[in-house]
Amino acid sequence: MIVAKQKSFSEVQEMVRGFSRVLVAGCGTCVAVCLAGGAKEAEILATELSLAATAQKRDFSARAATVERQCDREFLQLFADQVEQADAVISLACGAGIQFMAQVYPDTPVFPGVDTSFIGVAEGVGVWTERCKSCNQCYLGITGGICPVTMCAKSLLNGPCGGPKNGKCETDPDRDCAWVQIIDRLGRQSRLDILTRVLPPRKNDLDTQPWKIVRQDYQKRFSFD
Amino acid sequence: MSRINLNDLDPSFKHRVAEQPGGQGIKACFACKACTAACPITAVDARYDPRKIIRMALLGMTEEILHSDFIWLCSSCYGCQEVCPQNVSFTEVMFAIKNLAAAEACVPPGLTGQRLLLKAHGRLYEISDFENEKREKMGLPRIKEHPEDYDALLG
Amino acid sequence: METDALIVGAGVAGLWSAWELALHGATATIVEAAPYPGGHVARFCCKATGRCQKCGACLLEDVLRKVRGSDRITTLLGSTVLEASDTDRGFDLTLLCRPPRIFPDRCDGCGACTDVCPVPGALVQSPFDRRMVLDQQRCLRFQGGECRACEEACTRGAVNLDMPAQKIPVSASAVVLAAGFRPFDPLEKPRLGYGRVPGVVTAAELDELIRTDKWFPGAGASRTRSVAFIQCVGSRDAKIGRNYCSRVCCGYALRLARLLRSRYPDIEPTMFYMDIQSFERDFEARLGEAAREARLIRSMPAEIRTGSDGRPEVVYEGMDEKRVAEPYDMVVLSVGISPGQSLGNLCSTFGIDLNSDGFLGPDGEAVTTSQDGLFVAGAVQAPRSIEDSVSHAIKAAAAADRYLRRMANREKQ
Amino acid sequence: MKTPVEQPIPLGGAAPPEERNLRKVLVLGGDRVGLELAERLAAEGFEVVLLGQAQNGSGTGGVTFVPHGRLSEVRGFLGGFDVTLSAQNGRIRERIGHIIAAAPAEVAPKFSAYGLSRTDGALALSEFPEWIARSDPSTSRDGKWFHAAFLCGLEAGSHPAVFSRVLDAVEQLGQLQNVQTYVFTRHLKVAGADLERRYRESRERGTLYFKFDEQGCAFEQTPEGVKMVFSDPLLGREMELSPNLLVVDEDLLPPASLEPLLRAIPASPAGSPFLQPESTRFCGVETAKAGIYAVGPSRGVFAPDLIVGDVEAVVAALRKPLSEPAPWTGLSAPEVDPEKCTMCLTCVRICPHGAMGFRDRALADPFSCVRCGICAAECPMKAIVLLGGVEGNETKAQVDRDLARVSAPGKIVAFLCSRSATDALESAGIASDHLSVVKVPCAGTVSTSHILTALREGARGVLVAGCFKGNCASVYGTALASERVAEITRVLGSAGIDPARVQYAPVASNTPGTLARAVRELEESLV
Amino acid sequence: MEALLYLGCTVPVRNLNYEVSARLTAERLGITFRDHEDFGCCGYPLKSLDVRDTLAIAARNLAIAEREGLEICALCNACAGTLAEAAHVLDHHPELKEEVNLRLAPLGLKYEGPVRVRHYMRVLWEEVGVEAIQRAVTRPLNGVLVAPHYGCHYLKPSELTKGFDSPDVPKTLSGLIAATGAQVADYSSLKECCGGGVLGVSEDVANALAAIKLADVAGTGAHALVLVCPFCNVMYEGQQKKIAKAIGLDRKVPVVYYPQVLGLALGLSSEELGFKLNRVKPSELLNIVEG
């Protein structure tokens with residue numbers, strides 16, 4: 001899941017200064033689950049903006065609306081009427097959703113209501129941790145299901161840096177050392193021999209940073225040859 | 001003061017005091033300190049402190065108590081036993097302790113003198129003719145002494 | 001009238017047993033002598049100091065809410081048990097029900113009646129809604145007198161002294177005695193100065209003043225700063241036949257002391273005690289906190305007297321000085337829990353005995369009595385905190401429910 | 001962001017069961033109490049699985065013994081718990097109706113607290129009965145006194161249950177000639193049935209008590225024995241004692257086997273070893289989660305006679321016909337709108353009573369839910385509503401409905417918790433023209449958007465009045481509500497609105513002044 | 001009512017003013033005192049040495065009263081207390097009674113019990129009553145201010161005084177004083193012990209105790225300190241000079257017995273009441289009353 005956190009109210013307020021009809025657009029998937037941009041948050045933000053404007057005696061109105069996902073054109077189109085009446089949009093979706101919103105409604109300024117933080121998991125009530133850097137070259141199969149790219153402060157691929165103390169990272173004594181955990185985990189599974197293989201440096205060229213994935217099988221629906 | 005070794009003390013002392021008439025309550029004390037707060041003697045002479053005396057007796061500091069001068073300082077005002085929530089008749093307990101001391105001949109001289117007076121006259125003050133004449137002058141009846149009874153009673 | 005269980009007393013224990021029995025499907029009738037439910041707890045304030053101090057007083061409102069919402073529970077206020085006899089089906093009882101003399105819907109709590117009432121405490125404000133209630137066990141007119149002052153003083157026609165009291169026969173399969181306790185009367189310990197030395201109050205009196213927002217430390221030179229709490233007044237006192245610990249007073253006094261300090265931080269509480277009797281889960285930590293806020297003196301005062309400046313003076317054995325007479329702005333007596341006033345009557349009515357501390361029913365924690373179908377709940381049986389009374393009442397209801405089921409099965413057969 | 005502490009996710013887990021088996025009970029036992037409970041339940045027709053009981057029962061039918069078994073996981077709800085047990089012969093999965101924690105207290109001798117170690121002359125309290133059975137101190141030393149010292153809460157407070165056991169031992173020794181017993185303590189806990197009387201009787205028989213305050217007692221332990229050196233608090237003199245027997249008291253701790261249950265009850269406070277929350281609202285044997293019960297040590301009660309009462313209460317609790325709780329709130333269990341629910345599981349995780357589960361969407365278990373409304377307030381998709389209302393078949397959420405009815409302009413909209421502030425309002429006599437009252441089941445019901453709506457509708461101020469910290473019947477409803485208010489006031493501040501317009505006030509049901517003061521203070525801050 | 005008057009050791013020798021005023025006032029108020037020539041010491045002085053001796057001696061006096069079929073009325077707090085306590089102990093401990101009777105047998109005496117023992121003040125309070133005294137007053141002591149001193153054994157132990165007066169809030173002597181029309185001075189050391197009990201052991205301690213009250217009473221400006229016990233008199237009157245010197249008290253505190261005060265109110269003369277034997281003269285008081 002993509003995890004985001006709400007921008008501070010004053011930052012949002014600053015962005016939409018000068019606009020008087022604002023749509024606060026919630027997204028009902030990832031950002032709803034991480035309690036940053038679902039229907040409730042959208043409504044709260046809209047109300048807060050209205051209250052602030054009332055206090056400053058400005059002509060202003062904010063409305064809230066939420067769709068299932070802002071990363072799909074079909075859902076975004078459901079906003080059409082509301083965007084029509086708005087002179088600006090605050091999207092509470094992740095960065096992808098915000099951009100798609102801006103793309104679908106190119107005539108209306110779209111502002112981010114959240115900071116998209118990472119791909120992560122829910123550890124418990126109100127606690128999320130990062131798990132994936134979407135590096136497009138997954139090593140998890142040989143690292144016991146623990147991502148060194150994400151979890152190691154230096155993204156090292158071949159064992160710890162020599163700095164870990166009591167299993168914690170030298171950059172932060174509260175942070176577990178990814179490699180100590182990897183060795184633990186593989187040890188439990190009696191698979192430590194895996195680590196005798198030296199990994200080549202991570203590729204960092206354009207080939208590994210695809211901006212687009214195209215599934216040829218689906219594309220073929222439209223070709224009749 | 002030197003350190004007291006409980007192993008050397010006399011645990012039976014409290015039971016002995018309790019066997020004296022009036023001494024029964026001693027062991028019920030739970031050291032609430034009300035007795036000392038009510039004691040007029042403590043207020044003027046720190047040597048005398050009811051709850052400390054009772055503590056010493058309970059611990060079995062027999063010698064120190066019986067040979068002390070402070071046990072004789074009780075004025076028997078009953079203040080302590082009035083306030084005691086555990087029904088320790090401390091004034092009576094003090095008499096019981098003093099009786100034990102007296103049995104070991106640890107007594108201030110004045111008290112033994114009173115005993116002799118009683119044996120001799122049956123009263124603390126001798127009734128002479130002078131006294132009886134003085135009384136008669138004021139229209140009061142004569143007083144008789146009964147030393148024989150007191151002598152017999154006190155052996 | 002028929003009921004599965006008759007419950008004597010609408011204090012926190014009686015109410016709670018009724019509610020538990022109702023949850024089991026039984027019907028319950030509560031008989032309460034006072035004109036309002038809740039017993040002593042109804043007069044307690046919340047002791048929270050920003051956070052809950054776990055006094056348990058809110059449990060009363062909790063259970064009242066439940067009882068009011070239950071159609072299986074009938075509450076008869078101003079009522080007492082006159083007679084009881086046991087039958088093979090349970091108990092045949094006669095209740096004396098005195099109708100409320102003040103119509104709650106007409107009364108606006110103006111207090112005109114109290115102003116003219118010659119008997120203190122006969123007309124009081126209900127702890128729950130500010131309306132007035134009449135305690136017929138104190139009212140002159142119901143004690144053989146002829147007074148009608150309140151009726152005449154009321155401008156809203158809310159008082160009616162002429163409705164007849166009724167004797168109601170009730171048959172009940174089980175009876176739960178939850179008649180509560182009586183606070184120790186500090187007048188029995190005249191040396192503690194209650195009623196004589198200005199500034200000496202009981203903890204419950206202070207409590208009610210706080211609850212009704214009538215206690216303030218004052219201002220200037222007469223501002224209350226030093227407050228002494230005297231523990232074990234009428235407890236742990238074999239001399240007056242109370243060879244038991246009342247269990248609740250240490251916690252009560254510590255809570256009151258902390259409450260006062262949280263409201264008025266310049267108040268300096270001192271507590272005179274023997275052993276602090278409190279052992280809730282996090283007690284040691286809280287005792288540590290309390291000890292930082294209050295001066296704890298392990299010494300029982302011999303006397304409380306009026307000092308030369310008119311303030312109460314506590315005479316006790318100090319650490320160094322033998323006999324200290326220390327002035328305080330206020331002295332609070334932590335009076336203990338005594339057996340309830342009506343226990344003698346209940347004993348003869350129901351044919352059971354007092355236990356060794358003079359309370360009702362067996363020693364220890366049991367809820368059953370020597371009489372089949374007769375149960376005890378709460379502080380009627382031993383000194384208990386609110387929380388403990390509630391758990392005791394839950395157990396009493398459990399035992400009564402078992403008994404009721406057994407009776408029902410027997411009848412079926 | 002720092003690496004967070006890992007929090008166990010509450011195991012509401014599965015969906016509420018469609019069929020409930022209320023006759024099958026799992027008892028976590030381990031001593032006589034567990035056995036007695038199992039037999040009592042079996043006699044009432046329950047099918048009982050008794051865990052951890054090494055010895056066999058008296059042969060009552062209806063009890064399945066799982067000796068040396070351990071509870072490893074619990075999921076589900078009243079009448080349908082899916083329970084995993086580790087037993088000698090592997091893992092067992094069972095579907096259970098009720099779970100009762102009736103395991104004995106852990107008894108931990110306090111040798112280390114006093115810097116002592118166990119020797120023949122220094123025993124733990126539990127060892128005393130066995131010691132006295134094979135020793136005769138009165139005749140073994142020809143006329144010399146035998147000195148027996150007992151420690152009882154010397155370094156910190158004790159517990160009446162511990163003192164009662166010390167008295168048992170002291171009473172036994174008191175029967176013997178030439179034995180002097182001593183009890184070293186701090187606060188002697190006599191607040192239990194008969195303890196004060198027994199305390200007095202022990203003194204009458206000669207036992208001496210040393211009650212220390214700050215100063216303690218030093219122990220010198222050598223192979224020959226222990227020497228105690230201290231200053232007598234009553235005489236103020238240095239003393240020493242070399243007891244022939246030293247008996248060390250013990251801490252009574254909750255059973256260690258509760259971990260899986262603690263995880264199953266979201267309201268278990270972090271770090272607390274007890275199944276019941278600290279809140280005074282939990283004073284019976286019920287925990288915050290329906291179908292899980294705590295007896296004796298599992299809920300912090302150690303006195304033996306009180307534990308017996310707990311057994312009675314828990315048997316009765318299981319006899320109660322199944323009924324939806326909290327009828328007086330007039331609310332039915334939360335309804336989840338499947339269209340809106342995005343299965344974020346926030347409700348499952350936040351419900352203090354573990355009453356939410358999920359299947360194709362979040363689902364409330366009506367028998368576990370107490371209608372506090374915290375789930376609805378926290379749902380990010382506004383998918384949950386508490387239906388009903390005192391007047392009958394309302395179809396809107398109660399609070400939203402009430403909020404829609406209040407007249408906000410120029411008034412203070414007061415959200416009053418039904419457990420505290422509502423009662424306080426009745427007795428406070430506050431002039432009602434200042435207030436527009438919205439009654440809520442719990443302060444935790446009041447969501448951020450409720451408060452903002454009130455402000456948007458023109459309220460001068462908003463008061464959220466709930467229970468005091470530590471007193472909430474839903475444990476953390478209070479904390480959530482005050483945190484929401486704090487968050488709103490932060491936003492109001494940066495929006496240029498007076499943040500004092502929204503306040504949270506803890507209020508007591510029985511002390512109307514607390515509400516009156518809160519209203520007064522809010523009004524004053526608005527002027 | 002009729003009672004055996006028990007004088008004890010001190011009163012008939014050292015405090016004739018107390019005795020004469022007690023007899024006169026009793027007569028005026030309808031109390032018949034009978035004397036018994038066999039009475040001796042009550043036994044109190046030996047209590048520290050041997051409680052059993054005290055019981056035996058007390059029992060001797062009680063047995064005499066029992067033979068006469070009359071109760072005992074004592075003037076001295078210690079006598080009243082000791083005799084009443086002995087009766088109480090013997091009545092409640094059959095084994096002690098048996099022991100004591102063995103000792104009395106050679107004297108031809110036996111104590112069966114119970115025998116009632118009351119202080120004269122208690123007889124006044126319970127048998128005559130404040131109202132009757134008020135009615136009998138012919139010369140109300142208006143303008144007289146006196147400080148009462150009860151004495152320890154008058155009030156304690158409360159097992160013996162229950163129903164009569166309270167050691168915590170004593171009221172009878174004040175009530176009896178008020179009945180004469182005199183004003184009762186309020187002072188803080190009202191319940192303080194005179195110290196007489198330790199005079200034989202430590203004069204310093206005894207004087208220190210007596211000094212507290214003397215200083216206090218001097219401060220009230222009372223015309224006299226009113227006593228009901230010869231023991232207390234030893235301290236407050238006998239030791240007053242020494243104490244006054246030791247604590248620098250410049251004002252004398254006249255000491256009188258209650259029956260003297262009562263006698264004045266009943267119209268008796270100061271001469272009849274033995275005022276000339278009072279060592280610290282209550283001249284101011286007498287001036288107010290007799291002019």
Side-chain angles (χ1 to χ4, degrees), chain C residues 20 23-25 42 44-46 48 50-52 54-62 65-66 68-69 109 127-130 210-213 236 238 243-245 247 275-284 287 298 356 363-367 382 387 390-392 394-395 397-399 401-402, chain D residues 156-160 185 187-197 200 211 213 233 274 278-281 283-285 300 303 305-306 308-310 312-313 315-317 319-321 323 327-328 418-420 423 426-427 429 467-471 473 506 508-514 516-517:
Chain C
E20 284 286 318
L23 283 181
H24 284 295
F44 290 165
C45 74
C46 169
R51 71 168 298 141
C52 173
K54 305 188 198 329
C55 71
C58 53
L59 292 172
L60 173 64
E61 272 75 10
D62 274 6
R65 222 174 287 130
K66 293 169 173 180
R68 286 190 190 121
F128 306 107
D129 54 14
R130 300 176 79 82
I210 296 174
R211 188 184 70 84
T212 51
D213 253 354
R236 304 187 70 182
N243 201 9
Y244 57 83
C245 164
R247 305 189 202 184
D275 299 284
I276 297 211
Q277 302 299 329
S278 201
F279 37 84
E280 297 99 344
R281 281 192 226 159
D282 59 347
F283 167 70
E284 284 308 323
L287 177 62
R298 188 176 227 150
S356 40
D363 284 336
E365 290 292 326
V367 294
E387 269 190 48
V390 170
S391 32
H392 197 244
I394 292 173
K395 288 160 206 168
D401 170 61
R402 191 143 75 102
Chain D
S158 168
H159 191 282
T185 184
H187 293 289
L188 205 56
K189 306 292 184 180
V190 292
D194 255 1
L195 287 181
E196 174 73 2
R197 201 188 345 267
R200 185 180 160 112
K211 296 181 187 177
D213 291 309
F274 296 103
E278 260 293 303
S279 168
T280 188
R281 315 266 182 183
C283 49
V285 290
D305 39 7
L306 291 173
V308 173
D310 277 9
E312 183 79 53
V315 174
R319 265 199 315 258
K320 275 178 207 166
S323 71
W328 67 93
S418 69
R419 297 262 190 176
S420 48
D423 291 305
E426 267 173 45
S427 43
C467 302
F468 281 88
K469 201 175 163 194
N471 185 246
S509 55
N510 52 6
T511 310
T514 51
R517 224 181 344 266

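Proteins come first, then strands; the chains are lettered A, B, ... in the order of their sequence lines, and each starts at number 1.
- Smallest separation of non-hydrogen atoms from D:Ala313 and C:Ala398: CA-CB, 4.2 Å.
- Side-chain N or O atoms of D:Arg200 include none that pairs as donor or acceptor with a backbone N or O of C:Ala238 at under 3.5 Å.
- Contacts of C:Ser356 with chain D are made by both backbone and side-chain atoms, with heavy-atom separations under 4.5 Å.
- Residue contact with chain C, scored on non-hydrogen atoms closer than 4.5 Å, involves the backbone and the side chain of D:Arg197 alike.
- Contacts between C:Ala382 and chain D at a heavy-atom distance below 4.5 Å are absent for every atom of the residue.
- The line from OG1 of D:Thr511 to CZ of C:Phe44 is 11.5 Å long, rounded to the nearest 0.5 Å.
- Although no hydrogens or angles enter the test, the distance criterion places no donor-acceptor pair under 3.5 Å between the side chain of D:Lys211 and the main chain of C:Arg298.
- Between the side chain of C:Arg65 and the backbone N or O of D:Arg419, at least one donor-acceptor pair lies under 3.5 Å.
- Between C:Asp213 and D:Gly513 the shortest heavy-atom distance is OD2-CA, 3.3 Å.
- Heavy atoms only, all atoms of each residue included: C:Cys52 and D:Thr280 are closest at SG-CG2, 4.4 Å.
- Of the inter-residue distances, the one linking D:Thr514 atom OG1 with C:Ile210 atom CD1 reads 12.5 Å to the nearest 0.5 angstrom.
- In this structure, D:Asn510 and C:Cys46 have side chains that are in contact, with non-hydrogen atoms separated by less than 4.5 Å.
- The most heavy-atom pairs under 4.5 Å with chain C, out of D:Ala508, D:Gly284, D:Gly309, come from D:Gly309.
- Of the possible donor and acceptor atoms, none in the side chain of C:Glu20 sits under 3.5 Å from a partner among the backbone N and O of D:Ala316.
- In this structure a side-chain-to-backbone donor-acceptor pair under 3.5 Å is missing from C:Arg51 to D:Gly470.
- Using a 4.0 Å cut-off between charged nitrogen and carboxylate oxygen, C:Arg130 and D:Glu426 do not count as a salt-bridge pair.
- Between C:Arg236 and D:Glu196 there is a salt bridge, since at least one side-chain N of the basic residue sits less than 4.0 Å from a carboxylate O of the acidic one.
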Review point. When you look at D:Arg281 and C:Cys58, which way does the side-chain contact (heavy atoms from CB on, under 4.5 Å) test go after all the steps?
Key: CA-CA 8 Å; D:Arg281 315 266 182 183; C:Cys58 53; 3.9 Å; yes
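- For the options D:Leu188, D:Val308, D:Thr185, heavy-atom pairs under 4.5 Å to chain C are most numerous at D:Leu188.
- Between D:Cys283 and C:Ser391, the shortest heavy-atom contact is O-CB, 3.2 Å.
- Checking side-chain atoms of C:Glu61 against main-chain N and O of D:Ser420 turns up no donor-acceptor pair under 3.5 Å.
- A salt bridge does not link C:Asp401 to D:Lys320: none of the charged side-chain nitrogens sits closer than 4.0 Å to a carboxylate oxygen.
- Residues C:Lys395 and D:Asp310 have side chains in contact (heavy-atom distance under 4.5 Å, counting atoms from C-beta outward).
- Using modelled atom types, no side-chain atom of C:Asp275 and backbone atom of D:His187 make a donor-acceptor pair closer than 3.5 Å.
- With a 4.5 angstrom heavy-atom cutoff, C:Leu23 touches chain D via backbone and side-chain atoms both.
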